[in-house]
Amino acid sequence: MEELKLIRPGEIRVRMAPSPTGPMHLGFARTALFNYLFAEKYQGTLILRIDDTDIQRSQKKWEKDIIEGLNWLGLEFQEGPGVDGKFGPYRQSERKEIYQKYLQKLLDEKKIYYCFCSPEELEAHRNYLLSIGQPPRYSEKCAELSEREIEENLKNKKSYVLRFRMSSKKVRFKDLLRGEIEYDSQNFGDIVVAKNLAAPLYNLTSVIDDFEMKITHIIRGEEHIPNTPIQILLAEALGIKTPQYLHLPLIFGLDRAKLSKRDRVKSILEYKEEGYLSVALINFLALLGWNPGANKEIFSLLSLIQEFSVEKIQKSGAVFNPQKLDWLNGFYIRQKSLDKLTEDCIPYLIKTNLIKPCLERDKHSLFYEGKVITTKFETTETGEGVSFYELMKIIDLYQARLKKFSEISELIDFFFKKKLDYSSELLRWKEMSNEEIKEVLDKLSKTLNKLEETDWTKKEIGEVLLKLAGELGKEDRGYLLWPLRAALSGKTASAGPFEIAELLGKEKTLERIRMAKEKIKI
RNA sequence: GUCCCCAUCGACUAGCGGUUAGGUCACGGGCCUUUCACGCCCGUAGCAGGGGUUCGAAUCCCCUUGGGGACACCA
């Protein structure tokens with residue numbers, strides 16, 4: 001990539017150009033990320049341009065989704081009309097006069113022409129060509145209409161489109177990733193560049209804006225490779241320069257189909273709601289199609305900027321693997337400080353109705369001079385209060401077990417319940433008989449009951465129970481500890497019984513053992 | 001159908017003419033451990049096929065096959 005070495009800081013201008021016709025999906029997020037990294041790497045400028053020329057399909061809510069997604073990921077752009085000193089996106093829908101100027105010029109120069117063919121007519125012709133194995137392209141029926149015919153049709157208000165007179169030639173361009181790519185423009189036919197003088201279409205607006213915005217490098221998905229020769233021809237007709245191109249490989253779903261083509265496109269914001277960290281998603285996305293060459297998997301946005309290089313971008317498409325995303329997310333969750341993690345989890349506990357929002361809750365007052373104040377959340381089922389500090393201790397037990405925040409509720413719900421719902425079979429360790437289970441539970445309550453409230457710590461609890469386990473004469477501690485853990489949590493998997501018992505408190509621990517005994521029939 | 005892009009473990013990838021083909025996720029086993037997870041150790045698994053070029057090809061070239069993308073009055 002010798003041309004990249006010639007780049008001077010500040011020269012680069014790149015853009016993200018989503019069309020707001022659907023939510024911001026992973027594919028666009030990855031393209032945005034690479035544009036961002038490229039711009040940051042070379043101290044260039046990144047622009048957000050909303051390609052909303054299709055007024056039928058474009059929606060404000062999708063634009064909002066895209067901008068929120070970008071914000072969440074921390075991919076900031078450095079230019080654009082905005083308010084309060086903040087940059088906003090350019091919108092093609094707000095730049096109509098610019099396109100009209102160019103369109104008129106093309107029309108005057110007869111480089112585009114009026115086409116009055118009906119959609120039905122075109123459809124039929126396309127199907128015919130397809131059926132005889134020809135590339136489906138326009139018949140050029142209207143290419144040579146006389147001035148009079150055109151005026152006649154326009155006067156009769158016959159609907160029209162504007163077609164570009166495609167020159168017949170070979171178009172070559174250089175892709176920064178793939179090298180020379182050549183197309184024969186004969187395959188294209190005279191494409192439609194505008195629905196009418198006031199409604200230009202993507203290929204035209206894109207070429208004009210990239211020029212007007214002085215874009216130096218277009219970094220976009222591979223699906224745009226076939227558009228590139230058309231855009232080059234268009235630029236030629238307009239007499240404007242073309243930027244350099246870099247086409248990123250596609251991201252596929254597990255079924256190997258292009259992500260944005262799948263039935264239901266998942267918004268990046270849904271990952272946020274599920275409890276993924278943006279740092280994890282960024283890290284994951286970067287690794288999808290890019291690799292620094294070293295045996296390294298963990299990258300912050302900053303380290304990505306430092307290490308990013310175009311040479312290391314993959315050429316082949318990548319399958320999106322949710323398991324690796326989960327692993328990365330779990331990794332980043334384990335790196336979090338406990339108070340931050342707890343803050344992150346609280347909305348999920350509220351959403352699943354385990355606790356109620358704290359009315360006088362003020363995030364900044366939770367910690368006062370390093371001390372935890374006693375802000376209490378009301379637990380929905382028991383009506384008791386649970387402090388931020390207590391929540392922190394619970395979540396501490398699950399930090400290593402959590403892959404995403406949305407999982408927290410079903411992991412720790414038993415702390416907030418009056419009665420646990422589980423089958424008596426859960427209490428059975430290996431081949432234990434019902435009598436044995438009951439006996440073990442009896443011993444547990446007797447032993448724990450003797451423990452003073454002041455000694456009710458996981459350390460003390462562990463000591464007396466381990467001693468008890470030794471007295472039981474069984475090799476296997478599970479004989480004692482499994483029924484306990486099951487009785488306290490009601491789950492097949494959970495944190496350890498000593499920790500749970502400590503946080504539950506003596507009273508609740510004994511109550512749960514008692515309830516477990518009731519389940520056992522002899 | 002036509003055009004274009006691509007091709008290393010199941011997935012993401014390292015490799016850029018000479019390697020016991022490396023790493024991560026997932027999977028299997030072990031340690032730790034009452035369970036689950038974390039952590040640590042070990043393991044299974046790959047150069048799509050065929051021709052060249054070369055003393056020597058995962059690596060360079062060609063063909064085949066396979067996968068994908070594009071062929072709109074969408075972007």
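All chains are named by letter (A, B, ...) in the order of the sequence lines, taking the proteins before the strands, and each is independently numbered beginning at 1. Values in this document were obtained by computation on a predicted structure and should not be read as measured data.
Nucleotides B:rU65 and B:rA48 place their C1' atoms 7 Å apart, quoted to the nearest Å. Straight-line distance between the C1' atoms of B:rC40 and B:rC32: roughly 9 Å, to the nearest whole Å. For the C1' atoms, the distance from B:rC25 to B:rU33 is 24 Å, rounded to whole Å. Atom name P, nucleotides B:rC16 and B:rA75: the rounded distance is 44 Å, in whole Å. The same atom, C1', is picked in B:rG17 and in B:rA58; the two are 11 Å apart, to the nearest Å. Comparing the same atom, C1', in B:rU8 and in B:rG22 gives a spacing of 12 Å after rounding to whole Å. Rounded to whole Å, the C1' atom of B:rC61 lies 24 Å from the corresponding atom of B:rA14. Taking atom P on both nucleotides, B:rG46 is separated from B:rA21 by 12 Å, rounded to a whole Å.
In the set B:rA26, B:rC74, B:rU35, the nucleotide with an atom closest to the side chain of A:Gln323 is B:rA26. Checking B:rA75, B:rC71, B:rG69 against every side-chain atom of A:Asp51, the shortest atom distance belongs to B:rA75. The side chain of A:Arg178 sits closest to B:rC6 out of B:rC6, B:rC36, B:rC73. Nearest to the side chain of A:Glu223, among B:rA37, B:rG69, B:rU34, sits B:rG69. With B:rU13, B:rC25, B:rG39 as the choices, the nucleotide that has an atom nearest any side-chain atom of A:Gln314 turns out to be B:rU13. Closest to the side chain of A:Asn321, out of B:rA75, B:rA11, B:rA37, is B:rA11. Between B:rU34, B:rA26, B:rC71, one nucleotide has an atom nearer to the side chain of A:Pro136 than all others, and that is B:rC71. Here the side chain of A:Phe252 is nearest to one of B:rC38, B:rC36, B:rG68, namely B:rG68. When distances run from any side-chain atom of A:Asn291 to the nucleotides B:rU13, B:rA72, B:rC38, the shortest one goes to B:rU13. In this structure, of B:rC73, B:rC5, B:rG68, it is B:rC5 that holds the atom nearest to the side chain of A:Ile181.
As rounded to whole Å, 14 Å separates atom P of B:rC74 from atom OH of A:Tyr202. Protein atom CD1 of A:Ile232 is 14 Å distant from nucleotide atom C1' of B:rC4, rounded to whole Å. The NZ-C1' distance, from A:Lys315 to B:rU8, rounds to 14 Å in whole Å. Taking atom OH of A:Tyr99 as the reference point, atom C1' of B:rC73 lies 18 Å away to the nearest angstrom. In this structure, A:Leu162 atom CG and B:rC73 atom P are separated by 13 Å, rounded to whole Å. Here B:rU34 presents its P atom at 5 Å from CZ of A:Arg477, a figure rounded to the nearest Å. Counting to the nearest Å, the C1' atom of B:rA26 and the CZ atom of A:Phe320 are 14 Å from each other. Atom CG of A:Leu201 is separated from atom P of B:rC71 by 12 Å (rounded to the nearest Å).
B:rU20 makes up no base pair with any nucleotide shown, lacking Watson-Crick or G-U wobble contacts both under 3.5 Å. Pair check for B:rC32 finds none; no Watson-Crick or G-U wobble contact set falls under 3.5 Å. The partner of B:rG66, taking Watson-Crick or G-U wobble pairs whose two distances both stay under 3.5 Å, is B:rC6. Pairing for B:rG1 is with B:rC71, a Watson-Crick or G-U wobble pair whose two hydrogen-bonding atom distances lie under 3.5 Å. Searching all strands for a Watson-Crick or G-U wobble partner of B:rU54 with both distances below 3.5 Å returns nothing.
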Inset, instruction - Check step by step if salt bridge (Lys or Arg N to Asp or Glu O under 4.0 Å) holds for A:Lys266 and A:Glu274. - result: CA-CA 12 Å; A:Lys266 192 165 164 176; A:Glu274 274 179 46; 2.7 Å; yes
Inset, instruction - Please step through side chain to side chain donor-acceptor pair (under 3.5 Å) for the pair A:Arg485 and A:Ser494, ending with a clear verdict. - result: CA-CA 8 Å; A:Arg485 201 194 53 74; A:Ser494 76; 2.7 Å; yes
Legend entry - Test side chain to side chain donor-acceptor pair (under 3.5 Å) applied to A:Arg178 and A:His247, step by step: CA-CA 8 Å; A:Arg178 296 157 209 276; A:His247 290 95; 5.6 Å; no
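Ring geometry for A:Tyr183 versus A:Phe188: interplanar angle of 30 to 60°, hence tilted. A tilted orientation is assigned to the rings of A:Tyr348 and A:Phe405, their planes being inclined by 30° to 60°. Between A:Phe116 and A:Tyr114, the angle of the ring planes stays under 30°, which puts this pair in the parallel group of the 30/60° scheme.
For the pair A:Phe498 and A:Glu297, nearest-nucleotide mapping onto RNA chain B gives the more 5' position to A:Glu297. Comparing A:Trp429 and A:Asn227 by the nucleotide of RNA chain B whose heavy atom lies nearest to each, the residue mapping closer to the 5' end is A:Trp429.
A cation-pi contact, defined as under 6.0 Å to the ring centre and within 45° of the axis, links A:Lys519 to A:Tyr422.
Using a 4.0 Å heavy-atom distance criterion, A:Ala17 is classed as making no nucleic acid contact.
No side-chain donor-acceptor contact under 3.5 Å links A:Asn153 to the backbone of A:Lys158.
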